[in-house]
Enquirer: 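Sharing a structure, written as structure tokens. Questions coming.
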Amino acid sequence: QVQLVESGGGLVQAGGSLRLSCAGSGRTFSGHAMGWFRQAPGKEREFVAAISWSASNTYYANSVKGRFTISRDNAKNTVYLRTNNVKPEDTAVYYCAARTVTALGTNENEYYYWGQGTQVTVSS
């Protein structure tokens, strides 16, 4: 069993930055690919970024490519999402999730463990 807890969300002005963290507990998530998803009000949850267990592979949604960076520290059981040059359309609840395999995925159905989410609000 893996428990995930996100933190680092908040209110930020357009053009600013935030670093989201996702801490895992219960068992090490080394060996699990990790992902970040987000859900804006009135919209379906969407893929943001993913990273393989070794961090050798990453993948981003086109909407955040070049602005967001996913990384992980397996020694700390933590995954990060650095969000730079944020835009009002980045406003959403951000969720981290863990797969049960090492390869990254982009579909939320591929993820087994989920955190409760952290709110990111970008003001214009």
Enquirer: Find out if a path of hydrophobic residues (ILVMFWY) with successive side-chain heavy-atom gaps under 4.5 Å connects Leu20 to Ile70.
Expert: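 Yes, it is one cluster - the side chains of Leu20 and Ile70 are joined through contacts under 4.5 Å.
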Enquirer: Which heavy-atom pair separates Thr121 from Gln119 by the least distance, and what is that distance?
Expert: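 So the two residues come closest at OG1-NE2, 3.3 Å.
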Enquirer: Hey, mind stepping through Cys96 and Val79 against side chain to side chain contact (heavy atoms under 4.5 Å, CB included) and telling me if it holds?
Expert: CA-CA 8 Å; Cys96 74; Val79 175; 5.8 Å; no
Enquirer: Can Val2 be reached from Val5 by stepping across I, L, V, M, F, W or Y side chains whose heavy atoms are under 4.5 Å apart?
Expert: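 No, separate clusters.
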Enquirer: Taking only residues two or more places apart in sequence or in another chain, which ones pass side-chain hydrogen bond (donor to acceptor under 3.5 Å, both in side chains) with Ser123?
Expert: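 Partners of Ser123 by the side-chain hydrogen bond (donor to acceptor under 3.5 Å, both in side chains) criterion come out as none, since no residue qualifies.
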Enquirer: Which heavy atom of Gly117 sits nearest to which heavy atom of Val93, and what is that distance?
Expert: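 That would be CA-CG1, 3.8 Å.
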Enquirer: Would you confirm whether Thr91, through its side chain, and Val122, through its main-chain N or O, come within 3.5 Å as a donor-acceptor pair?
Expert: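 The answer is yes, because a donor-acceptor pair under 3.5 Å joins these two groups.
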Enquirer: Which residues pass the salt bridge (charged side-chain N to carboxylate O under 4.0 Å, His left out) test with Glu89, sequence neighbours left out?
Expert: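 For Glu89 there are no salt bridge (charged side-chain N to carboxylate O under 4.0 Å, His left out) partners, ignoring immediate neighbours.
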Enquirer: Quick one: which residue pairs count as a salt bridge (Lys or Arg N to Asp or Glu O under 4.0 Å) with a foot in residues 31-57, not counting sequence neighbours?
Expert: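 Residue pairs with at least one partner in residues 31-57: Arg38-Glu46, Arg38-Asp90, Arg45-Glu108.
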Enquirer: If you measure from CG on Leu104 to CD1 on Ile51, what distance do you get to the nearest 0.5 Å?
Expert: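 Here the rounded value is 8.5 Å.
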Enquirer: Starting from the C-alpha separation in whole Å, work towards a yes-or-no answer on side chain to side chain contact (heavy atoms under 4.5 Å, CB included) for Val101 and His32.
Expert: CA-CA 5 Å; Val101 296; His32 296 269; over 6 Å; no
Enquirer: Roughly how far, to the nearest 0.5 Å, is the OG1 atom of Thr83 from the CG atom of Leu18?
Expert: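 The CG atom of Leu18 sits 4.5 Å away from the OG1 atom of Thr83.
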Enquirer: Looking only at heavy atoms, what is the nearest atom pair of Gly105 and Ala50, with distance?
Expert: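 So the minimum-distance heavy-atom pair works out to O-CB, 3.4 Å.
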Enquirer: Does atom CD of Gln116 have more than 12 heavy-atom neighbours, drawn from other residues, nucleotides or ligands, at distances under 6.0 Å?
Expert: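 It does not: Gln116 CD has 12 such atoms or fewer within range.
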Enquirer: Restricting to pairs with a member in residues 33-90, which pass ring pair (Phe, Tyr, Trp, His ring centres under 6.0 Å), not counting sequence neighbours?
Expert: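 Every pair satisfying ring pair (Phe, Tyr, Trp, His ring centres under 6.0 Å) with a residue in residues 33-90: Phe37-Phe47, Phe37-Tyr111, Phe37-Trp114.
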Enquirer: Can you measure from CD (Gln39) to OH (Tyr95) and round to the nearest 0.5 angstrom?
Expert: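 Between atom CD of Gln39 and atom OH of Tyr95 there are 5.5 Å.
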Enquirer: For Asp73, give me all partners under side-chain hydrogen bond (donor to acceptor under 3.5 Å, both in side chains), at least two apart in sequence or on another chain.
Expert: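 Counting only residues at least two positions away or on another chain, Asp73 forms no side-chain hydrogen bond (donor to acceptor under 3.5 Å, both in side chains).
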Enquirer: Work out which heavy atom in Ser52 is nearest to a heavy atom in Arg72; give both atom names and the distance.
Expert: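 Result for this residue pair: O-NH1, 3.0 Å.
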Enquirer: Just so I know, are the side chains of Ser71 and Arg82 near enough to count as touching, which here means a heavy-atom distance under 4.5 Å?
Expert: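 Not in contact.
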Enquirer: Might you point out which heavy atoms bring Pro88 and Ala14 nearest each other, and give the distance in Å?
Expert: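 Of all heavy-atom pairs spanning Pro88 and Ala14, the closest is CD-CB, 4.2 Å.
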Enquirer: State whether the side chain of Ser63 and the backbone N or O of Ala61 hold a donor-acceptor pair below 3.5 Å, judged by distance alone.
Expert: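 No; zero donor-acceptor contacts below 3.5 Å.
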Enquirer: Name all pairs fulfilling the side-chain hydrogen bond (donor to acceptor under 3.5 Å, both in side chains) condition that reach into residues 4-22, sequence neighbours left out, sorted by first residue then second.
Expert: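 For residues 4-22, and leaving out neighbouring residues, the side-chain hydrogen bond (donor to acceptor under 3.5 Å, both in side chains) pairs sorted by first residue read Ser17-Asn84.
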